[in-house]
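What follows is a set of notes on a single structure, which appears directly below.
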Amino acid sequence: MKMIVCIKQVLDPEAPPASFKIDPLSHKMVLPAGIPPVISSFDECALEAALRIKDTTGGKVTVLSLGTGLLRNVVKKPLAMGADNLVLLEDEAFDGGDSWSTAYALSRAIKKIGSFDLIFCGRQADDWDAGQVGSGLAELLDLPSITVAKKIDITKDKARVERITDGGHEVVEVDLPALITVSSELGPPRYTTLEGIMTANQKETTILKPTDIGVEASQVGASGRRIDLQKIFQPIREGNCEFIVGESLEEAGANLAMELRKAKIL
Amino acid sequence: MSEYNNIMVYTEVAGEALSALSIELLGCGRKLADDLGQDLCAVLVGTKVSSLAQAAITYGADKVYLVDDPLLKDYQSDSYVSVLEKAVTQAMPQILILGQTAVGRDLAPRLSFRLGTAAVLDCVQLTIDPDSKLLLQTKPVYGGNALAIYTCKSYPQIATVRANVMSHLEPNTSRQGEVIIIEAALDPSAVRTRILEKVPESIEGIKLEDAKVMVSGGRGIGDADGFKHLEELAGLLKGAVGATRPSCDNGWVPSTRQIGLTGKIVTPDLYIAVAISGASQHLSGISGSNTIVAINKDPDANIFKEAHFGIVGDWKKVLPAFTTKLKEILSRA
């Protein structure tokens, strides 16, 4: 089973909300220097889905990422978790893209990588929350896609996928090759092991530039965008909370009940 | 791009009627169409759905593109992208609006790539820029830590809109409209996925989206047992229990109870947040609540910026006393 997992380096979504600021020049959000970036959480779930298949049926997991300023200890984490090799689309030309330009570059890189049975993506990235690269990639590669999966079973040349719907889930079957986007309902991704970290550096990392995948710099990154960001702003939280107190926390709890009654909320 | 000249809303069917969100989208589409002096089209897809075309007109559509075919009984990317591509190519809308649902978030991106245009998902506001006449699409980004406003560079400009942010029109049964039938002409072998089973979520009691009162627990609850206290309170208030993503990811609560950006968006009268720090992705799912009450031991917790009433302290001490007092008050009433 040959699998490709697309991952993105993002700002740590677990950072305190107050620490997120907008950089007025780049119109991106930034975090204080002490908070390092991470792999987008849904992408880690996508990786976990691939590694579970590797655990049970065997296979090779190639991790693919795109960006600039990719920190090696971040993007190599999948190798420490059990992936086999890493392919990085790393060039200034790939910077500032939208779902279209990113999916386009990834599709060309996947054609370069060659044969595969399954592609995994996170359902959306923790930074722009666009939620389109997986489906877009499937469309560009003319693959069937199943989005927002929480469980994947492989039998021979088919995948049986539990896809989350609004009122529950559905079990969908698809012939391989196919693309699956994964949600956090899959369950927590595995931790890296000391042994994994030791071997990660011995695994192959390939860096691809636009010319390596046969695209013009004008087709990718910011130049290839199909949507424009007009404005980004932070909602102002009112912060007009009425704090209820008491002689003890138990009394505060009782006072809260009376306060809600008085305000006719209960 | 002048050959593109109307607004289209993709309507979903829930049971035997248009979904509540579809009716909201028709209200939103009607307003945009009026702003631009254009027609509002609905596109209605499914099996035996033709009787709903009039409902779309009643709620604001001028035209309904109807695709009714036995192969369209269930949503599947391949079949639905194919018929939507047909409908868009025939109607040539400037704007296409879908719901941010399991269907919309699957259909919109794939369709936009097929059509060579672009989509913006999970919008909370859609307006027309008075100068460029382009659609301004506002959506939460960075897990709700910020809002972004986008424009698409090509037509149709495709957006999905989340539930409960748009207002529907009052139904007007005297409205007249035109129904245009599109043949699906699907090749069954071109549908590459097969639905083997549909499993409805087993929620005991009230559905989260319908609950007037919600009691939700975060990471600070600590384990599955802790949620029993929340269930007791929810039971007393005839409400439902929800949870944050970490509580669900830890397996304390079924993932179907997750509230937030990638869980359920809820709009109860009263939302009681217990041991929830207030990650933006969670707040994004509860900001439509009338009243938010927060219990958290950290006075600087982000949840207090969104809450109307708060207690700083250990929920294990506060919550039982709150529940006991409420029982007493309610028994007197």
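Since we're looking at a predicted model, the values are computed, not measured. Lettering of chains follows the sequences in order, A, B, ..., and the numbering in each one begins at 1.
If you take CG on B:L121 and CG on B:D106, they are separated by 10.0 Å, rounding to the nearest 0.5 Å. One distance of note links CH2 of A:W128 with CD1 of A:I232; it measures 4.0 Å at 0.5 Å rounding. In this structure, CG on B:L330 lies 10.5 Å from NZ on B:K327, to the nearest 0.5 angstrom.
Only the side chain of B:L270 comes within contact range of chain A, with heavy atoms under 4.5 Å apart. For B:T101, the parts lying under 4.5 angstrom from a heavy atom of chain A are both the backbone and the side chain. Proximity to chain A is limited to the backbone of B:P140, based on heavy atoms less than 4.5 angstrom apart. Residue contact with chain A, scored on non-hydrogen atoms closer than 4.5 Å, involves the side chain of B:T291 exclusively. Heavy atoms closer than 4.5 Å to chain A are found in the side chain of B:N302, but not in its backbone. For B:C248, no part lies under 4.5 angstrom from a heavy atom of chain A. Interface residue B:L283: only side-chain heavy atoms are found under 4.5 Å from chain A. If you measure heavy-atom distances from A:A130 to chain B, the contacts under 4.5 Å come from the backbone alone. Of the atoms belonging to B:V293, it is side-chain heavy atoms, and not backbone ones, that fall under 4.5 Å from chain A.
With chain B as the partner, the residue from A:T147, A:D166, A:V172 showing the most heavy-atom pairs under 4.5 Å is A:D166. When each of B:T117, B:V81, B:N145 is scored by its heavy-atom pairs under 4.5 Å with chain A, the top score falls to B:N145. Between chain B and the residues A:R163, A:R225, A:E14, the most heavy-atom pairs under 4.5 angstrom are made by A:R163. When each of B:G310, B:A321, B:S280, B:A118 is scored by its heavy-atom pairs under 4.5 Å with chain A, the top score falls to B:G310. For the set A:R261, A:E259, A:Q132, the entry with the most heavy-atom pairs within less than 4.5 Å of chain B is A:Q132.
Across all non-hydrogen atoms, the minimal contact from B:E306 to B:S287 is OE2-CB, 3.4 Å.
Note that B:R114 lies outside the cation-pi zone of B:Y80, set by a 6.0 Å cut-off to the ring centre and a 45° limit from the axis.
Residues A:Q230 and B:T151 have side chains that bring a donor and an acceptor to within less than 3.5 angstrom of each other.
Within the 3.5 Å criterion, the main-chain N or O of B:L233 finds no donor-acceptor partner in the side chain of B:T323.
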